[in-house]
Amino acid sequence: MVTQITSFGRSGLYDWMMQRVSAVVLSLYTVFIIGYLLLNPDLTYDQWSALFEATWMRIFSLMVLLSIGMHSWIGLWSISTDYIKATGARFFFQSLCGLVMFIYIVWGVQVLWGL
Amino acid sequence: MLVSIYRYNPEKDDAPYMQDYEIELPAGKDLMVLDVLNLLKAQDPSISYRRSCREGVCGSDGMNMSGKNGLACITPVSEAVKKGKLVLRPLPGLPVVRDLVVDMGQFYKQYEKIRPYLLNDTPAPAIERLQSPEEREKLDGLYECILCACCSTACPSFWWNPDKFVGPSGLLQAYRFLADSRDTATQERLSDLDDPFSVFRCHGIMNCVNVCPKGLNPTKAIGNIRTMLLQRAT
Ligand code: SF4
Ligand code: SF4
Ligand code: FES
């Protein structure tokens, strides 16, 4: 048993499951956005902003934001444990990733809610 | 035929190097790579490699032949030669002791970690613990592993984390005991594997399946362990 406190869920199974779940959310969103754009070839600004006014769309988008954060954290965490062998450099890389993801999520929430 | 062999004697050499040998192969016969090594050793007795059974059961002569891991004793030269040249290197990723001989310590440590023996606290029956033919069948494709390390040393995840990732060989054996109806430590075994490295560092690259000289499928066993972990957790 390897204990690793910086992994996302601290259990291999949990990380693995979250990776799959977030991947599904991300692909659903991608398919939805592409489909929406294809079905509305002459999309207006009003239509687009109305879409993002809807509560369900905001929830969906927030879910996507969180999924991006989770998915990339798990992915980058395992890349860093594969390739960055110096503890200091790895810690720095992981902190940087964490910070960037936090910024993206807060910023994304601001954009979605037009704060 | 040209044979290029990885040479390294830590007592004499500063760094490993490739040494070329020219060898005349008997016509009309497809030798095994191990036969070629034996012929070369007669020429140059300093070449070191491990071998014992010379028929693919002991697992001692795992090596990298023109880029692919396998057992030298059951790999025909015709299969291992690339562009008229046979390149022999030690198994990748493990420390080299000398020439084609590697230190298997890390590999065995992972094997030891999965507790490769039956755990059963219930009182032993007078004769033996019985298994139905169906229960026994579940061990097929698992128990045949000869621990040659061809798979684990072909696995990038094992190269990067040989101390934390159990590796395909160890995981195949882990599943062999998880699947055994006579073993009662299933839950304990699963708990020991449920961390981000032991099992989950496998990314399904399937190099292991590609090289196993016994035709076993560690990736499938790893998938089964994952399913068991998932079933237990949900
Ligand atoms: S399938 Fe898994 S164990 Fe096999 S080589 Fe790939 S990462 Fe390694
Ligand atoms: S699974 Fe195959 S390649 Fe791996 S150690 Fe066992 S016999 Fe060798
Ligand atoms: S010498 Fe025994 S497996 Fe090749």
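As the structure is a computational prediction, the values presented were derived from the model and not from experiment.
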Task: Between OG1 on residue A/Thr81 and CZ on residue B/Arg201, distance to nearest 0.5 Å - done: 3.5 Å

Task: Min side-chain heavy-atom separation A/Asp15-B/Phe200 under 4.5 Å - done: no

Open item on the list: In this structure, is the centre-to-centre distance between the rings of B/Phe197 and A/Trp77 below 6.0 Å?
Closed with: yes

TODO: Check whether more than 12 heavy atoms from other residues, nucleotides or ligands sit under 6.0 Å from atom OH of A/Tyr45, and answer yes or no.
DONE: no

Task: Side chains of A/Trp16 and B/Pro196 in contact at under 4.5 Å (non-hydrogen atoms) - done: no

- [ ] Please round to the nearest 0.5 Å and tell me the distance separating atom OG1 of B/Thr234 and atom CG of A/Leu13.
- [x] 8.0 Å

Task: A/Trp48, CH2 atom: more than 12 neighbouring heavy atoms under 6.0 Å - done: yes

- [ ] Kindly check if the number of other-residue, nucleotide or ligand heavy atoms within 6.0 Å of CZ (B/Arg89) is above 12?
- [x] no

Open item on the list: Taking CZ in A/Phe52 as the centre, count heavy atoms belonging to other residues, nucleotides or ligands within less than 6.0 Å. Is the count above 12?
Closed with: yes

- [ ] Inspect the surroundings of CG in B/Asp14 and state if more than 12 heavy atoms from other residues, nucleotides or ligands are less than 6.0 Å away.
- [x] no

Task: Under 3.5 Å: donor-acceptor pair, side chain of A/Asp82, backbone of B/Asn161 - done: no

- [ ] With rounding to the nearest 0.5 Å, note down the distance linking OG in A/Ser78 to CH2 in B/Trp160.
- [x] 14.0 Å

TODO: May I ask you to check whether over 12 heavy atoms, not counting those of B/Lys109, lie within 6.0 Å of atom NZ?
DONE: no

